[in-house]
Amino acid sequence: MTTAQTQELDVQPTPLALLLLGREADPRSERGVECPGDLPSPSDPDLVERARAAKEKLGDKVFVLGHHYQRDEVIQFADVTGDSFKLARDAAARPEAEYIVFCGVHFMAESADILTSDDQKVVLPDLAAGCSMADMATAEQVAECWDVLTEAGLAEQVVPVSYMNSSADIKAFTGKHGGTICTSSNAKRALEWAFQQGEKVLFLPDQHLGRNTAVRDMGMSLDDCVVYNPHKPGGGVTAEQLRAAKMILWRGHCSVHGRFSLDSVNDVRARIPGVNVLVHPECKHEVVAAADYVGSTEYIIKALEAAPAGSKWAIGTELNLVRRLANRFAPEGKEIVFLDKTVCFCSTMNRIDLPHLVWALESLAEGNLVNRIEVDKETEAFAKLALERMLALP
């Protein structure tokens, strides 16, 4: 129906209809994701005290893990903070804790369930807290990719290496096919191991970490890499291209790190003379190539800890962490800014907010198990095999 017809019938569009048509805006929606901008304060001023009381009531029965990218209102209740694999190992080292509350995203909670005992129960405060990168590789898609490699006569030469930021299903596929898991800290070691086992690597699911590690850290060329796109027939590549490649990169990326650009780097250098650009290896290759320093989340934190007073830094990683580090090191005279002006917080990570954490803790304190993340035994066995190969890396 056209606007003229609507006017003839004297029909007035509702506010919701106008929103759907993109003709109006709701200033109250999407609060907390402005870029830049402050996250909203907790909706209930009593939430902090309620979280503290529930955690105290649970005592040693609960162990709260907080990923570096979590918002401050959540991270204050974490017993330990870190990246995903460190947190999963920390949970496994606390067998007396009946409940592991993982303030992170779904694949992280899966890893914690894989590594902890059967008596421990892993809880994710909001089941909608997923990871867009992990979701870019499904078990069905990867199985189809392996069929393509088999038909090309290459499967026996290929060793899968999967980034920690992957689902339990993908970790299990990796374990079943003789591969290993890697983190952003040990990706080079994992690839070196893989090339001792076979001639080619299928790297899942982050193409940028795979490419940056192969080219920047191991001396390969961009021509040694080919991108497999699961949304195209045959991955969008020919058998000849697969045969010529050393690195078969899955077409996946981090929605936060993937948005940093070369323009971001050039702009911050123009605005802040003498700035050090430090980025995560999940960033695009051209961003990594233009940066002064590249490393994992833990590397970024340690680099800033060791930085001299008065130094200036532009950080290319998730905004919650950057802001936390900027506040932490400001008294030491270190100027720390976000690399880009427009990249938002990790939206899925920010689903774990204080209301969800309070609900989870209070439910557990009342004896109600909620939002348990449980990996089936077969998947767990093969995923653990892949993780154990990583732990055995020299």
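Quick caveat: nothing in here was measured; it's all calculated off a predicted structure. Starting from 1, each residue takes its place in the sequence as its number.
Aromatic ring centroids of Phe102 and Phe107 lie 6.0 Å or more apart. Annotation: Trp313 is not in aromatic contact with Phe329 [ring centroid separation under 6.0 Å not met].
Heavy atoms from other residues, nucleotides or ligands lying under 6.0 Å from CZ of Arg269 number more than 12. Other residues, nucleotides and ligands place no more than 12 heavy atoms under 6.0 Å from the CD atom of Glu56. Heavy-atom contacts from other residues, nucleotides or ligands closer than 6.0 Å to CD of Glu96 number more than 12. No more than 12 heavy atoms of other residues, nucleotides or ligands shown are found within 6.0 angstrom of CD on Glu144. Surrounding CG of Asp60 are at most 12 heavy atoms belonging to other residues, nucleotides or ligands under 6.0 Å away.
Remark: Asp90 does not engage Arg94 in a salt bridge, criterion side-chain N to carboxylate O under 4.0 Å.
Between the side chain of Lys188 and the backbone N or O of Met218 there is no donor-acceptor pair closer than 3.5 Å.
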_Please evaluate residues Phe203 and Gln207 with respect to the criterion side chain to side chain contact (heavy atoms under 4.5 Å, CB included), reporting the C-alpha separation (whole Å), side-chain torsions for both, the decisive distance (0.1 Å), and the verdict._
CA-CA 7 Å; Phe203 195 91; Gln207 61 170 307; over 6 Å; no

*Run the side chain to side chain contact (heavy atoms under 4.5 Å, CB included) check on Arg389 and Trp193 step by step: do they pass?*
CA-CA 10 Å; Arg389 289 193 185 113; Trp193 173 88; 3.9 Å; yes

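There is a side-chain donor-acceptor pair under 3.5 Å between His257 and Thr317.
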